[in-house]
Each structure stands twice: as structure tokens, then as C-alpha cells.
Amino acid sequence: MIAQNFDYTAPASLAEALSLLASGEAKPLAGGMSLIPMMKLRLAAPDQVVDLGRIPELNYIRHDGGRVRIGATATHHQVATSTTVRSQCPLLAATAAQIGDVQVRNMGTIGGSVAHADPAADYPAALLALGAEVTVANAGGSRTLSIEDFLVDTFTTALEPGEIITEISVPAGGGSGCHYQKMLQPASGFAIVGIAVQVTASGGVIASARVGVTGLTGKAFRAHGVEAALVGKSAAGIAEAVAGIADGVDANSDIHASAGYRCQMARVHAGRAVAAALAKA
Amino acid sequence: MKITVTLNGKTRTSDVEPRLLLIHYLREEAGLTGPHIGCETSLCGACTVEVDGKAVKSCAMFAVQADGRNVLTIEGLAANGTLHPVQEAFWNEHALQCGFCTPGMIMASKQLLERNPNPTEDEIRHGIDGNLCRCTGYQHIVNAVKAAASKMGA
Amino acid sequence: MATTTITKTEPLVGKRIRRREDPRLITGAATYVDDIKLPGMYHAAILRSPHGAARIAALDISRAAAHPGVVAVFTGKDITGVGPVPCGASLPGLRVPVHTILAQDRVYFVGHPVAVVVASDRYIARDGVDLIDVEWDVLPAVSDPEKAIAGDAPAVHPEWPDNIAFHHHQENGNVDDAFAQAEVVVKQRITSQRLIPTAMETRGVVADFQTGDKALTLYSSTQVPHLLRTLIALMLGLPENKTRVVAPEMGGGFGSKLNVYAEEALMGFVAMKIGKPVKWIESRRENYLTTIHGRGHVDYFEIAAKRDGTILGMKLKLIQDIGAYHQLLTPAIPTLSVLMMPGLYKFQNIRAHVVGAFTNCVPTDAYRGAGRPEATHGIERMVDMLAAEIGMDPVEIRLKNFVANEQFPFSTATGLVYDSGNYAAPLMKALDLVDYQGLRAQQKKAREEGRLMGIGISTYGEICAFGPSPATPAGGWESATVKIDPTGKVTVMTGACPHGQGEETTFAQITADELGIPLDDIHVIRGDTAIVQYGIGTFGSRGTAVGGAALYFALQEVKAKLKRYGAMLLESDDVSYQGGQCVCNKTGRTVSLAEMSGASYRAMKLPPNTSPGMQVTNFWEPPNFTFPFGAHIAVTEIDRETGAVQVKRYFAVDDIGNIINPLIVDGQLHGGVAQGLGQALYEQAVYDENAQLVTGELMDYAVPKATMVPWIESDHTVTPSPVNPLGVKGVGEAGTIGCSPAMVNSVVDALRPLGVKHVDMPMTSEKIWRILNSAQA
């Protein structure tokens with residue numbers, strides 16, 4: 001329950017942070033909701049920690065250029081309660097509101113969560129469904145990737161040593177036809193499966209759909225096949241359209257949910273998520 | 001390294017190791033043993049305190065992260081000698097038995113009521129789901145939060 | 001001496017009074033063991049086995065010992081004179097492995113303590129643990145109790161290759177005849193899974209050895225400070241009178257702190273070695289790995305009956321997962337299951353055979369209910385299964401087999417004497433509250449709509465107020481001292497060691513009523529062997545039923561003595577004590593409590609045959625256990641798609657005898673139900689095939705959160721116990737015991753249209769989903 005010792009710096013600017021991280025040796029600390037428990041259990045033992053929590057230029061939420069731009073250290077609580085997020089991409093607000101518990105939402109950050117790439121984290125499902133972009137930077141400059149390219153594998157992202165997430169953005173005008181449906185692992189509160197859905201519809205018929213899935217496999221993914229199958233469906237056709245959501249996946253399995261159960265729960269909750277999204281569209 | 005924290009309204013400067021957890025800083029350095037430690041995975045919530053007005057689990061934060069910030073612990077809640085309405089309600093409604101989770105539970109309930117002054121039973125249960133209690137079955141805690149809400153709204 | 005009118009004050013017993021212990025707890029002012037800071041105190045951290053079974057091929061502490069800030073490192077070879085960890089229970093033929101306080105050449109379960117590092121702060125001590133080099137020779141391990149005794153499993157203890165810790169047999173009546181006459185026999189394997197008690201405060205010890213006096217003070221989060229003192233003195237070779245145990249404020253126990261642990265002796269040993277105070281606080285992971293677990297049963301039940309529902313007899317083969325060692329009461333716990341086997345029913349033919357199975361797991365021992373939840377779960381499931389088999393309503397079969405009101409005191413098939421009861425009363429009240437017929441109609445409609453709705457009833461009985469001394473390993477009496485100061489203030493010292501149950505309030509209520517004084521004049525003290533007379537402790541729902549009774553008798557004695565002083569001061573033989581004063585029945589003159597008490601200390605004059613001072617200690621031996629009972633009803637609905645069990649309504653009608661403080665009783669009941677519900681739906685300690693604890697943290701072991709516990713509607717019937725003068729029975733474990741069978745009966749009832757007869761706990765969504773799948777296939 002006690003971390004190994006480390007050197008700590010808390011830069012006040014992004015430039016300073018990137019220069020401290022440049023060597024690739026230091027570990028960036030955002031909200032600490034994943035990193036600190038791992039350090040306490042000595043599953044992580046960085047020699048240097050660079051705290052991003054005191055860099056004002058990383059903490060913002062703004063609507064600009066047709067996108068909602070969220071600084072990496074915006075907390076889940078900020079995202080869940082931001083009027084900008086709630087009006088422009090309500091799916092993201094709804095997802096943020098279901099992460100962990102109130103204390104975790106007060107400290108945990110969107111950048112930290114996405115960079116950690118926990119296969120049971122909530123955000124990736126919504127970010128995939130929303131077509132998010134991740135801007136990362138190092139001392140040499142910055143680049144922007146799609147969330148799909150950013151998430152590489154379980155606990156693995158496209159971040160190079162010395163790079164951190166600076167911003168996550170999603171298209172504005174996400175619309176109200178959305179829902180995040182999560183089946184909780186009862187002990188940890190993480191997602192056994194989490195399904196994020198954004199649809200547009202007209203006259204009760206789905207015109208477009210985007211579906212992000214977390215918890216089911218080693219990394220969150222977009223269910224392209226299901227999205228295509230949903231187009232043109234009304235409520236009655238949802239179950240059939242989402243039936244293929246787990247086809248061919250290498251599903252996670254643990255004491256809380258076997259692979260077979262996870263797959264079936266992905267189908268069930270995808271159906272419920274789409275139905276709820278359609279009802280709000 | 002040197003940190004300065006405003007603890008329950010009083011400024012305190014200490015020299016700490018970066019790895020010192022905020023909960024250990026509060027308990028060992030500052031002698032504030034109200035917040036407790038019930039796990040190391042940030043699930044039980046017994047260590048909940050407020051940092052700059054936000055309820056956090058002080059076992060999942062290093063003391064150095066609190067440098068320059070305002071920290072409020074259970075000890076600071078009735079500093080003027082009058083119990084906070086949430087404390088009073090926990091007492092009246094028998095919302096505690098062994099009392100170990102109580103300081104964290106009260107801090108989480110306080111945060112809940114600040115953000116949602118008139119919560120439903122369901123909202124109360126969600127508002128405290130970062131805090132485990134093994135004694136009460138939560139029912140009297142729900143009653144206490146409701147009672148505090150009506151007192152604070154009155 | 002004033003002449004005043006005596007005003008009759010309203011009794012406090014029976015009132016919903018808010019607790020007197022709470023002000024310190026809600027302000028963060030209470031002192032739990034980790035809050036104790038002694039001058040010059042060191043901190044200890046423990047290296048533990050990462051393997052279920054292994055030989056220690058090499059152990060090198062040199063790097064740890066050389067680490068700056070580390071003052072000492074001790075291993076098994078340093079502590080050979082200390083211990084062993086005691087087993088207080090005895091059974092014929094019981095095999096008791098020597099349980100040293102640190103491993104010697106071999107480890108027997110994950111978490112087995114191997115070495116202790118002592119350092120100037122807890123961070124350095126923890127660092128030191130990582131600097132101990134161990135070479136492990138990993139051995140095969142076994143974690144499943146049935147596999148352990150199947151004949152081909154690795155031996156947990158090489159000296160007993162069959163892994164059998166004991167056999168225990170109990171039989172009454174003529175079981176073979178009963179089964180021969182039976183028109184119907186129902187058989188079922190029922191498990192009660194291993195549970196982790198999870199007191200929110202982990203264990204912790206501060207040991208302080210006063211080198212000048214050669215006296216040890218041990219602060220420990222324990223439910224049994226006096227028993228711990230006796231046993232720790234024996235383990236450490238200290239005179240008991242130079243050993244003091246203090247149980248400070250405690251963050252829950254639930255049986256897990258009704259024990260004597262290796263670490264308690266180890267810290268005493270360390271403090272004596274280094275001559276400085278030392279603190280050890282268990283981490284949650286250590287708590288899950290090394291503090292006792294509960295339950296761990298595999299039960300094979302058979303019930304014999306007539307077609308009209310008359311139960312004729314019951315057989316049980318019980319396999320108890322012991323773990324690697326016996327802790328204080330480990331082997332005794334399943335024998336309590338056997339005692340409770342007949343439940344509330346009058347049949348007299350039983351046969352039970354218990355096999356204790358060693359496994360490479362942490363020992364099992366008393367956890368809330370301790371043996372009775374397993375038994376109640378068994379009988380209440382079997383009665384429901386029998387009812388289903390013969391097409392009888394679960395209410396009707398219970399009413400038919402209950403011990404009748406006129407049969408009390410009732411001698412059970414297992415040799416108990418049930419004190420008092422009216423078993424139909426809480427059931428009928430519960431049925432009325434839930435509108436049972438209306439619910440059944442709703443269920444019929446739900447089934448027509450294809451919904452899976454269940455109504456589950458459990459009518460539980462349990463054993464409380466442990467207990468008569470001959471039935472308890474270390475004495476079943478309790479003690480109380482009432483001390484009145486010269487100024488008339490009253491101190492109550494209870495030998496029970498309440499730790500959240502509220503006796504600082506309820507004992508003050510009893511005292512206030514008996515002495516006719518305000519609550520504020522009473523102070524209740526517990527938990528310090530240097531202050532409080534020898535006592536047994538708080539467990540087995542005994543605090544009020546035994547400790548409260550001891551207090552009651554002490555109060556009668558002190559009142560009698562006050563009256564003698566009153567008579568002397570009033571110069572009258574005709575006096576009575578009431579309302580905090582003595583009154584002369586002829587003149588109406590009064591003397592106050594303070595005047596009488598003051599006179600007893602000044603002792604200028606003494607009443608005939610009366611000593612000075614106003615202090616009475618009573619040790620009370622209960623003549624019997626008490627037997628609370630009740631009816632719990634759970635209404636559930638199952639999500640056909642996910643298997644999730646939703647509790648729609650939960651009712652509890654309990655008969656716990658007289659009630660001292662209904663507010664506190666409600667709290668005990670709610671908490672008990674939440675723990676029973678945890679077992680029914682969520683909790684399970686899972687060991688894998690290598691005896692690794694997979695649920696080693698709160699991340700994986702699902703202690704119910706606020707969102708996972710339903711609203712509990714509750715009520716009472718009151719059948720006073722004749723066993724003690726308060727008429728109380730005990731409430732600490734009732735909720736837990738009543739809950740799990742109500743839940744399983746409800747879920748099975750919901751699944752009955754699919755042909756389901758039984759579901760084992762925990763009834764996780766996936767488990768139910770699998771049942772739905774196979775039933776629909």
C-alpha cells in the first residue's frame with residue numbers, strides 16, 4: 001500500500017512539462033486514479049513523476065471549429081457537468097457521469113483515463129462512437145490521431161516515450177440520440193461491457209448509427225458491422241441488427257464474466273443502448 | 001520537498017517525501033486521524049476529504065499534489081463547535097455503527113448535498129457509492145442524508 | 001435531607017435514543033488502533049508467502065537489515081520460543097497442526113507470515129520487505145475442500161496425507177426408521193461459499209513493552225481483549241498480570257476479530273526484543289489473505305417426510321473447509337451448524353456427520369452467524385424443496401412443522417432447549433405486511449406474461465447469547481461492574497467488548513432505568529483489561545443478552561446496598577429506592593443517590609453488615625442460550641436477458657425478545673440483511689487451483705455498495721426470553737441468518753416455471769443466465 005520513492009515535479013506550463021518528460025523516463029501524473037493505486041501496489045514504480053495537475057493550459061472545455069475540445073486534465077466531473085459537453089455531445093457527458101464514483105470523477109481526468117487504455121474503461125466506447133480525435137505532444141511538437149489509431153491494445157496506446165495527451169476533441173452537434181449502457185462489475189464498478197451509441201433517426205427509423213464497445217475485448221472498438229445493420233431499422237429491428245456485435249471477437253474472460261457471457265451481454269446491452277438512444281433521437 | 005497546505009483553515013508547511021500519500025500526511029504529519037484507511041485500491045472511501053471543495057479519496061493522492069490547496073477533513077466540519085447538518089443527521093438517524101467509514105461517508109454526503117440539495121433515494125445511493133459501509137446496510141445513511149437535505153433546505 | 005415529591009420518570013428502555021458514542025465518531029475524534037502514536041514508536045511490515053504451498057529453500061535478510069531506517073528483521077528461527085497460535089476448540093480426534101507465528105521451513109497458504117521488518121516509519125518497513133530474498137521451492141497445493149479429502153490431493157500437512165482435520169458425528173432419534181417410513185425424500189447438495197468478513201477497519205496492533213516493569217501493553221482491534229490477554233501471555237511467556245490488552249475504538253469485527261492472531265504475538269515479541277513500541281497495521285490485501293474467512297461449507301442434505309408435509313427426519317454430510325490451520329474456534333463452527341440443523345421444526349430424527357478438510361487457504365472461523373447461517377440456509381432450502389416436491393405452499397409446510405407454542409421450552413433433536421417462541425407470529429405478520437395472497441396473484445400474472453417473479457420465505461431460528469459456559473470453549477458468562485462515585489456519578493464497566501453495537505447507549509438506558517438517574521450521569525467503559533474486570537467479549541449476539549443481564553444483576557446489588565445506606569441516613573427500616581433516591585415510606589423524606597454514595601465512601605457510620613464504598617461486580621452465568629426467530633420475505637424479479645436478480649421488496653419480521661433501543665435494533669437488522677444479501681448475490685472468496693486468492697482486493701470481492709442493497713421494511717413480534725431478566729434474545733446476527741435463504745428461495749421460486757429446484761450462492765447474474773440458458777435449451 002506504499003509506493004516506491006520517486007522524484008516529483010509539478011510544472012506550471014505545458015512546455016516545461018514536455019521538456020521534463022522529453023527523456024521518456026518520467027511518468028506523467030494526471031488525476032492519478034489509475035497510476036497511484038498501481039504505484040501503491042508496486043505494479044508501477046516510476047523513478048520520476050511529472051504532475052500535469054498544475055498546468056492551466058491543459059484544463060479547458062470549449063466549443064470551437066465545429067468540435068468540442070477538452071483539455072487532457074479536465075476531470076470526469078467537469079466533462080459530466082459541462083454545459084458545452086451536455087449540449088454538444090451529450091453522450092460524452094452521460095458516459096463521464098457513469099465513471100467510477102463521485103470522488104473518482106472529481107480527480108480522474110479524460111486524458112489520464114484514455115492514456116491508461118484500460119480495456120474496461122468507460123470513455124473509449126463513447127469516444128469511438130463520437131469519432132474523437134486525440135492530440136498528443138512532446139517537446140518536438142504535436143500530432144493528432146483518431147481515437148481508433150490511438151488505442152493500440154490492452155494498456156497500450158500510440159503514445160511515444162515523452163509524449164502526453166494534450167487534448168481530446170469530438171465533433172460538436174452530437175445530438176440527443178445517444179445512450180451509454182454499462183453493465184457494472186459489482187466490486188470495482190468497471191464495465192463488464194459498456195456500449196455507447198449515437199444515432200440519428202427520422203420517423204423512428206435509424207438514419208445513421210455509431211456504436212462503441214468497451215469491456216468486451218482487450219481494447220475498445222467500434223462495431224462497424226452493427227452500425228451498418230442498424231441503418232434503416234426501427235425499434236423492432238434492433239435486436240437482430242446488434243446480434244453480430246460480438247462476432248469473431250476475442251472476448252475477455254475473468255471471474256466476473258466469462259467470454260460467452262460477456263458476448264451475450266454485449267448483444268443485450270447494445271440492444272438496450274440503441275433502443276434508448278433511438279427513443280431520445 | 002516543502003509543501004504548504006491550508007488544513008481546515010490553518011496553513012501548515014511540512015517537508016515531505018513525494019511518495020507520501022495525502023492520507024498519511026493528514027494522519028501522521030498533521031495529526032488529523034479522522035479520515036481512515038480501509039483499502040489500498042481507492043474503493044472504500046473511508047479516507048474521503050475535500051480538496052478545494054471537491055471530495056477526493058486521500059489515499060489516491062500524494063501530499064505534494066495538495067501543495068497550495070485547501071483541505072477540509074471531518075475535523076474541520078464542526079470547527080466552530082456546531083455540528084454540520086450532515087453530522088447531526090448521521091447522529092439522529094443512527095447512520096453509523098462502528099464509525100470507521102463515517103468520516104468519509106459524511107464528507108461524501110456533504111458533497112452530494114452541495115451538488116444536489118434535494119436528492120431522491122436513488123440519487124443518494126449513487127452519491128455515496130464510492131464509500132463502503134459494512135455495518136448499516138446504508139438504510140439509515142439514506143435517511144440521514146434525506147434529513148440533512150431537508151434541514152439544509154429549510 | 002429534603003422532602004420532595006417523587007416524579008415518576010418515563011423508562012428509557014424501549015426508546016429510540018440516539019447513541020451516546022456517536023459524537024466522537026461523527027467528528028473524527030475517536031481513537032482507533034492506527035490513531036495511536038506512542039513516543040519512539042517503530043513500524044512493522046510483514047513478508048508473506050506468495051505461494052499456497054512451498055518450502056523455504058533459502059531466506060536472506062541481509063539487504064533488508066542493512067537498509068537505512070530498518071532496526072530489526074526477524075524470521076521463523078528467531079521466534080521458536082513464542083506461540084503457537086492457539087486453537088481454543090476441542091473435538092475428539094482433532095488434528096491440530098502446530099501454528100507457529102512465523103513460518104519455519106515451509107508455508108501453507110498465500111499470506112503465511114515469513115518475516116517481519118521493523119523500521120522507523122511504515123514506508124521504510126514496507127521497502128524493507130522487498131529487500132528480503134527468498135528462494136521458494138513451490139509445492140502443489142489444494143484449495144477445494146472436497147478435492148482435498150478425495151484421496152489423491154496434495155497433502156496440506158505432510159503428516160496427514162488424507163487432509164482430514166476431524167470427524168464429528170451427532171445423531172438423535174431413529175433416522176433409519178424415519179427414512180424407511182418416508183413417503184418422500186428430497187436430497188440436495190448445498191454450498192455456503194467462503195466469505196471474507198471485511199470489517200472496514202483492518203486488524204492492527206500496537207505493542208508497548210515497559211522494560212522497567214517487564215510489562216506489555218498490547219493495543220489490538222479485538223472483540224475479546226481478556227481472552228487475548230490470557231492467550232498472548234501464554235504465547236509470549238509473560239505473566240498475565242503484566243500483560244494488558246486494550247481494544248480501542250474498533251472499526252467492525254463481525255467475528256473476524258474474535259480471535260488470537262499470529263501478528264498479535266509477533267508484535268509483542270518485537271516490542272520485547274527492541275524495547276520500543278511497535279505498530280503493525282494490516283493492509284486490505286493482508287486482511288483478505290490472512291484474517292479468517294467465514295462459511296466454506298459443502299453440505300449434502302436429505303430430508304424425509306410424509307406426503308402431507310410432516311417432516312420425519314434429516315441427514316447431513318457437512319464438509320467444512322478448514323484452511324491450513326485452526327484459528328481460535330475453527331473446528332467448533334460447523335458443530336454449531338449441526339446444532340441449528342432442525343431450524344424451527346419439531347422433528348426429532350437427525351444424523352449429521354462433519355468432516356473438516358484442510359486446504360492451502362486461510363483458516364475459516366466465526367463470521368457473522370458462525371455456523372447458523374449455513375444450517376438455516378440448509379433447512380430453509382430443504383423445507384422449500386420439500387414443499388415444491390409435494391405441491392404444498394411454503395407457508396403451509398412451515399406452519400405444519402413449527403414447534404407449537406405450548407411445547408416451549410422445547411428440546412430439539414440436536415440437544416438444545418429452545419427458550420421461548422411463537423414461530424407462526426412473525427410469519428403471519430410478514431404475510432400480512434406483504435399481502436401474500438396479493439403477491440401470489442401478481443406472480444401468477446407475471447408468469448402469464450413470461451416474467452420471472454419470485455417470492456421467497458425464510459423462517460429462521462438461531463442461537464444467541466453464547467452461552468452457557470459448558471457449551472463454550474472459554475467461558476460463556478459475562479461480567480459487569482457498577483461503580484458509583486462519591487459525587488453520585490455512575491460508571492459501568494462491561495466485560496463484553498462492544499465495538500459498534502451501541503451498548504454505551506443501551507447499557508446506559510438499562511442503568512438509568514434501574515437507578516432512576518439521567519443518562520448523562522452514566523459512563524460506560526469497555527475494552528481495557530487494566531480497567532475492566534475479566535470478561536468474555538462481544539460475539540454470538542451476546543452483548544446485551546449476557547453482558548446486559550450481568551449489568552442488570554450488578555445494578556440490583558448496588559441498589560440493595562444504596563438502600564441500606566438510605567435506611568441508615570433516613571433512620572428508618574421502611575425505605576424504598578426509586579427515582580434516584582431513597583424515600584422513607586413513613587415520612588416521605590428522601591436522600592439522594594449522591595448522598596448515599598457519598599456516605600458510603602466517607603464511612604463515618606456503616607449500615608449493619610455493610611462494607612464502605614459503592615461498587616459491585618457481577619459475573620453472570622446464563623442458564624441457557626436464547627433463540628430468536630423471525631420471518632423474512634424477499635420478492636425478486638429476474639432479468640431474463642442478463643440473469644440479474646432484482647430485489648423488488650424485502651421484509652423482515654424478527655422476534656428478538658424485548659427491545660432496549662429500537663433505533664439500534666433496526667440498524668443491526670439492516671446491516672445483517674446487507675451481509676446476508678452480499679452472500680446471496682455477490683460475495684465469494686475465490687481461490688484458484690494453485691490456492692491463489694483471486695478475490696484479493698475490494699476490486700474483485702464485491703462488498704455490497706449502497707446501490708446494491710434494497711430498502712428493507714421491518715417489523716417485530718415480541719416473545720420475551722425467560723433466560724435473562726431483560727427478556728432479550730439478541731439481534732446481531734438475525735438479519736444475516738434470515739436473509740440468504742429468503743433470497744435463494746425467492747430466486748428458485750422465480751425460476752420454478754423452468755424446472756429449477758436449487759441455486760447455489762452467490763447468485764450472480766452470469767450464474768442465473770446460465771441456468772436460464774440450459775433451461776430454455
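These values consider heavy atoms only, across backbone and side chains, with no hydrogens, waters or symmetry-generated copies. Please read these numbers as outputs of a predicted model, since none were measured by experiment. The chains referred to below are lettered A, B, ... by the order of the sequence lines, with proteins before strands, and numbering in each begins at 1.
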Subject >> Heavy-atom contacts under 4.5 Å, residues 704-712 of chain C to chain A >> reply: C:K705, C:M708
Heavy atoms of other groups near [X] [atom1], more than 12 under 6.0 Å:
X: A:R86; atom1: CZ; result: no
X: A:D47; atom1: CG; result: no
X: A:K27; atom1: NZ; result: no

Original post:
For C:D688, is it the side chain, the backbone, both, or neither that has a heavy atom closer than 4.5 Å to a heavy atom of chain A?
Top reply: neither
Subject >> C:R284 portion near chain A, given a 4.5 angstrom heavy-atom threshold >> reply: neither
Subject >> From CA spacing to verdict: side chain to side chain contact (heavy atoms under 4.5 Å, CB included), A:Q185, C:D700 >> reply: CA-CA 8 Å; A:Q185 195 264 65; C:D700 287 304; 3.8 Å; yes
Original post:
So which of C:L698, C:V686, C:T764 has the biggest tally of heavy-atom pairs under 4.5 Å with chain A?
Top reply: C:L698
Original post:
Based on non-hydrogen pairs under 4.5 Å, which of C:E766, C:E697, C:M699 is most in contact with chain A?
Top reply: C:E766
Original post:
Got a second to check how far C:D121's CG is from A:I2's CD1, nearest 0.5 Å?
Top reply: 7.5 Å
Subject >> Segment of A:R272 engaging chain C (4.5 angstrom heavy-atom cut-off) >> reply: side chain
Original post:
Where on A:L41 is there a heavy atom nearer than 4.5 Å to chain C: the side chain, the backbone, both, or neither?
Top reply: side chain
Subject >> Distance-minimising heavy-atom pair for A:G260 and C:W769 >> reply: O-CH2, 3.9 Å
**OP:** Determine yes or no for a side-chain-to-main-chain donor-acceptor pair under 3.5 angstrom, with C:Y123 supplying the side chain and A:A3 the backbone.
**Re:** no
**OP:** Please answer whether the main-chain N or O of A:R267 pairs with a side-chain N or O of C:E641 as donor and acceptor at a distance below 3.5 Å.
**Re:** no
Original post:
If you tally heavy-atom pairs under 4.5 Å against chain C, which of A:Q264, A:R42, A:Q4, A:M265 wins?
Top reply: A:R42
